[in-house]
Engineer: 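What follows is a single structure, and I will ask about it in a moment.
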Amino acid sequence: MKKSISSILLITMIILTKGTIHAQDQLIKPEIEEKIDSLLALMTLEEKAGQLNQHNGSWDFTGPVPEDNEYAEARARLLKNGGVGSLLNVVGADATYEAQKLAVENSRLGIPLIFGFDVIHGFKTIFPIPLAEASSWDVDAVQKSARVAAIEASAAGINWTFAPMVDVGRDARWGRVMEGSGEDPYLGSQMAVARVNGFQTSDLSDPSSIMATAKHFAGYGFSESGRDYNTVDVGINTLLNIILPPFEAAAKAGVGTFMNSFNDLNGIPANGDTYLQREILKEDWGFNGFIISDWGSIRQMINHGYSKDLRQSAYHAITSGNDMDMESEAYQMHLVELVESGEVDIEMVDEAVRRVLRMKFLLGLFDDPYKYSDEDREDRLIYNDENRAAARDVAKRSIVLLKNESELLPLSKETKQIAVIGHLANDKDSPLGNWRGRGESNSAVSLLEGIRNAVGSDVEVTYAEGYTMSETNGSFSSPLNFPKDDGAGFEEAINNAKEADVVIMVVGEKALQSGEGRSQVDISLKGRQLELFKEISAVNDNVVTVLMAGRPIIEPELYEGATTLLNTWHLGSEAGNAIADVVFGDYNPSGKLPMSIPRDVGQIPIYYNFRSPGRPSPGPGDAGSVFWSQYNDMDNSPQFIFGYGLSYTEFEYSNFEVSAETMTMSETVEVSVDVTNTGSVAGEEVVQFYIKDHFATAMRPVKELKGFEKVMLNPGETKSITFMVDWETLAYYAADEQFKAEPGMFSLMVGTNSNDLMITDLELTR
Ligand code: BGC
């Protein structure tokens with residue numbers, strides 16, 4: 001895999017005209033490059049190293065705290081000497097102004113700083129966690145979410161976000177699945193592009209644009225056993241066809257920075273990987289922005305056993321293409337001597353500095369270094385009604401209806417008595433999820449508040465906590481040590497349930513049970529939630545179960561026992577109102593799962609786009625013998641499959657057609673299907689398009705998503721949906737690592753989820 005694929009890829013791209021990366025080309029402006037030339041000519045080696053050095057502000061650590069407690073003062077000194085190119089976690093018009101002033105007015109060349117912050121799903125107005133947003137399959141909504149986040153963050157001095165995280169995730173034990181878009185590279189790519197466009201807009205110098213970061217490059221979502229920061233071993237087929245596509249899509253969309261990852265990839269730490277950083281990203285994809293390391297990760301090459309000391313770590317990082325160092329102090333301490341000793345070529349350093357300066361110029365910071373530090377904008381634009389309305393809109397679109405067996409939903413607002421049950425129902429913090437930027441603890445609309453807001457005073461809404469959970473709001477301590485639940489709350493909850501017409505029972509996870517460093521081997525409901533759910537279900541037939549979590553939860557008894565089930569994830573500031581919108585039918589749910597929900601942790605990793613084994617399982621039931629690729633004690637299938645989600649109406653698919661049965665490499669065919677709303681309420685359907693390449697030089701998945709369209713249909717209305725197929729739709733990185741389509745038979749599939757599909761065949765010829 002180390003053999004250079006760059007030249008092969010380049011040739012392939014030319015032959016098959018796989019589009020060049022225009023948005024990256026647009027980062028190069030001759031007038032800016034000339035200014036960079038002049039500036040580089042003036043800079044000392046120390047000042048160059050300074051531009052590649054990023055430091056944390058004096059608070060809000062998102063990684064291990066450095067041992068040097070006096071670093072704050074030392075850093076102020078560095079700022080004045082041009083020793084820092086960027087700060088992270090310094091937030092607010094005032095604070096960023098002060099820091100910028102130190103750099104611009106005191107340093108010899110007055111080069112402005114860029115201020116980075118993890119604006120992951122909102123700044124102060126918190127939107128659904130990214131996994132939830134991906135459930136909307138709504139690129140406009142996701143772009144809007146990033147746009148609002150950028151407007152707020154940029155008004156508080158921030159001009160760079162470490163988002164989107166585009167790591168494909170197939171393992172729900174890994175806490176960071178909440179931060180990604182799930183298991184599919186195509187859906188992940190669409191979400192990546194929507195977010196990059198939302199953060200950056202088409203003009204980076206716009207004061208409301210912030211630079212985006214595609215992270216973590218690469219393979220982090222494949223950390224072994226779902227354990228965070230763990231090693232990653234993947235073959236070239238999976239790397240090129242599953243892991244890298246969302247990164248390539250972000251690069252093509254013009255993303256300004258990449259962040260590499262904590263993991264090693266097949267024995268090389270990602271931040272020291274020349275193949276990934278130089279060959280693929282900078283050469284093949286023509287990336288013109290810069291690469292930042294993850295927090296302290298250059299230093300961590302020592303723990304990986306890849307470098308003997310920090311000096312060697314700095315050497316590995318700079319030579320392999322890592323441009324900026326986040327919090328390792330490796331470049332700060334060793335880059336100058338590495339150049340002076342001749343070990344590192346000055347041109348390599350110049351190239352990295354050029355990339356950093358380029359982005360500073362494009363952000364317009366040399367024209368006005370204080371443009372983001374505007375107190376008036378900060379007052380007006382953050383957490384206002386408009387932004388909260390947007391958060392509610394995106395939140396309702398992110399909810400997935402998993403079961404509605406007796407059509408209990410939507411509830412009537414005339415329902416006389418509603419019993420709301422569960423600690424999480426009255427929790428104003430958990431809906432904010434992890435990575436909540438400057439979202440204030442306990443500031444979300446709880447489910448209980450949302451329900452009460454939605455109904456008039458004639459409706460009696462009771463509340464009982466039922467089960468208990470620990471209070472971990474806003475802290476970094478482990479939330480897993482729940483105090484033992486003595487069941488004291490059960491009686492009240494059961495009595496309320498007996499008396500009510502309808503119960504809304506909320507179960508799931510606290511905000512900090514998922515996210516970075518929150519890997520778990522057991523991803524079932526914690527404490528006595530399931531037990532209470534069973535007791536409540538025994539006394540009331542009308543239970544709406546709401547599952548609120550940062551990852552797919554494994555709980556077969558819940559999924560089988562519940563007749564009415566909403567998967568809401570962590571929905572952000574307006575969670576309760578958005579859930580009420582769906583519960584009372586003001587919004588007809590339209591979300592679809594971006595990640596399969598397993599039946600058992602033993603099935604992980606589980607994903608719909610697997611490659612067929614030589615002995616594929618004949619399916620549940622009579623297999624005839626045991627010699628199949630299946631478990632002896634459980635079905636292979638997940639509890640809920642990728643792309644699954646219900647609506648309050650029904651959609652019928654008909655007239656599935658393909659415009660030709662054969663196609664050459666230069667032709668295009670159309671796949672069309674009519675979708676009709678056969679129910680009585682308006683609703684949106686996500687029409688999904690998959691392909692299967694029957695045989696290939698490198699095995700292809702049994703199906704792979706290649707398109708989707710979210711369409712609104714009134715009752716009785718029919719719309720025709722068309723997907724275009726050309727060679728690129730059918731192409732992949734083949735056995736020779738070239739991106740190409742191989743002649744042969746393909747299946748084209750259209751339907752409502754990755755299981756229920758209409759199928760036709762297409763033959764691709766030369
Ligand atoms: C995370 C990154 C994040 C960085 C800065 C790290 O621990 O892995 O995703 O951007 O911290 O907060």
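Just follow the structure's listing: the first ligand is 1, and inside any ligand the first atom is 1. These numbers come from the heavy atoms of this one structure, side chains and all, not from hydrogens, waters or symmetry mates. This structure is a prediction, so every number in the text was calculated from the model and none was measured. When a residue number appears, it is its place in the shown sequence, counting from 1.
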Engineer: Using a strict cut-off of 4.0 Å, indicate which atoms of ligand 1 neighbour a heavy atom of Phe162.
Structural biologist: 10 (O)
Engineer: Between Thr213 and ligand 1, which residue portion shows a heavy-atom distance shorter than 4.0 Å: side chain, backbone, both, or neither?
Structural biologist: neither
Engineer: Under 3.5 Å between some N or O of ligand 1 and some N or O of Asn89?
Structural biologist: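 The answer is no, given that Asn89 and ligand 1 share no N or O pair closer than 3.5 Å.
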Engineer: Is the shortest side-chain N to carboxylate O distance from Asp309 to Arg311 below 4.0 Å?
Structural biologist: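 The answer is no: the pair does not qualify as a salt bridge.
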Engineer: Quick check on Tyr315: does its OH atom have over 12 non-hydrogen neighbours (other residues, nucleotides or ligands) under 6.0 Å away?
Structural biologist: no
Engineer: Looking only at distances, can you tell me whether any N or O atom of His216, backbone or side chain, sits closer than 3.5 Å to an N or O atom of ligand 1?
Structural biologist: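 Looking only at distances, the answer is yes, because the N/O contact criterion of under 3.5 Å is met.
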Engineer: Glu183 side chain to Ser596 main-chain N or O, any donor-acceptor pair under 3.5 Å?
Structural biologist: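 Flag set: sc Glu183 to bb Ser596 pair under 3.5 Å.
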Engineer: Here's a test for you: under ring-ring contact (aromatic ring centres under 6.0 Å, His included), which of Phe199, Phe117, Phe290 qualifies with Trp160?
Structural biologist: Phe290
Engineer: N/O to N/O below 3.5 Å, does that happen between Arg176 and ligand 1?
Structural biologist: yes
Engineer: Answer side chain, backbone, both or neither: which part of Met165 comes under 4.0 Å from ligand 1, heavy atoms only.
Structural biologist: neither
Engineer: Would you check if there is a donor-acceptor pair between the side chains of Ser208 and Asp206 at a distance under 3.5 Å?
Structural biologist: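 The answer is yes; a qualifying pair exists.
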Engineer: Which atoms of ligand 1 sit under 4.0 Å from any heavy atom of Asp294?
Structural biologist: 1 (C), 2 (C), 3 (C), 4 (C), 6 (C), 7 (O), 8 (O), 11 (O)
Engineer: Given the rule in the side chain to side chain donor-acceptor pair (under 3.5 Å) test, do Tyr331 and Asn322 qualify, once you have shown the distances and angles that lead to the verdict?
Structural biologist: CA-CA 11 Å; Tyr331 287 180; Asn322 177 96; 3.1 Å; yes
Engineer: Please determine whether any non-hydrogen atom of Phe262 lies less than 4.0 Å from an atom of ligand 1.
Structural biologist: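 Per 4.0 Å heavy-atom rule, Phe262 contacts ligand 1.
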Engineer: Using a 4.0 Å cut-off to any heavy atom of Lys215, which atoms of ligand 1 qualify?
Structural biologist: 2 (C), 3 (C), 9 (O), 10 (O)
Engineer: Evaluate the ring planes of His216 and Phe262, with Trp represented by its six-membered ring, and classify them as parallel (under 30°), tilted (30 to 60°) or perpendicular (over 60°).
Structural biologist: parallel
Engineer: Under 3.5 Å between any N/O of Trp435 and any N/O of ligand 1: does that happen in this structure?
Structural biologist: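 No, there is no polar N/O contact under 3.5 Å.
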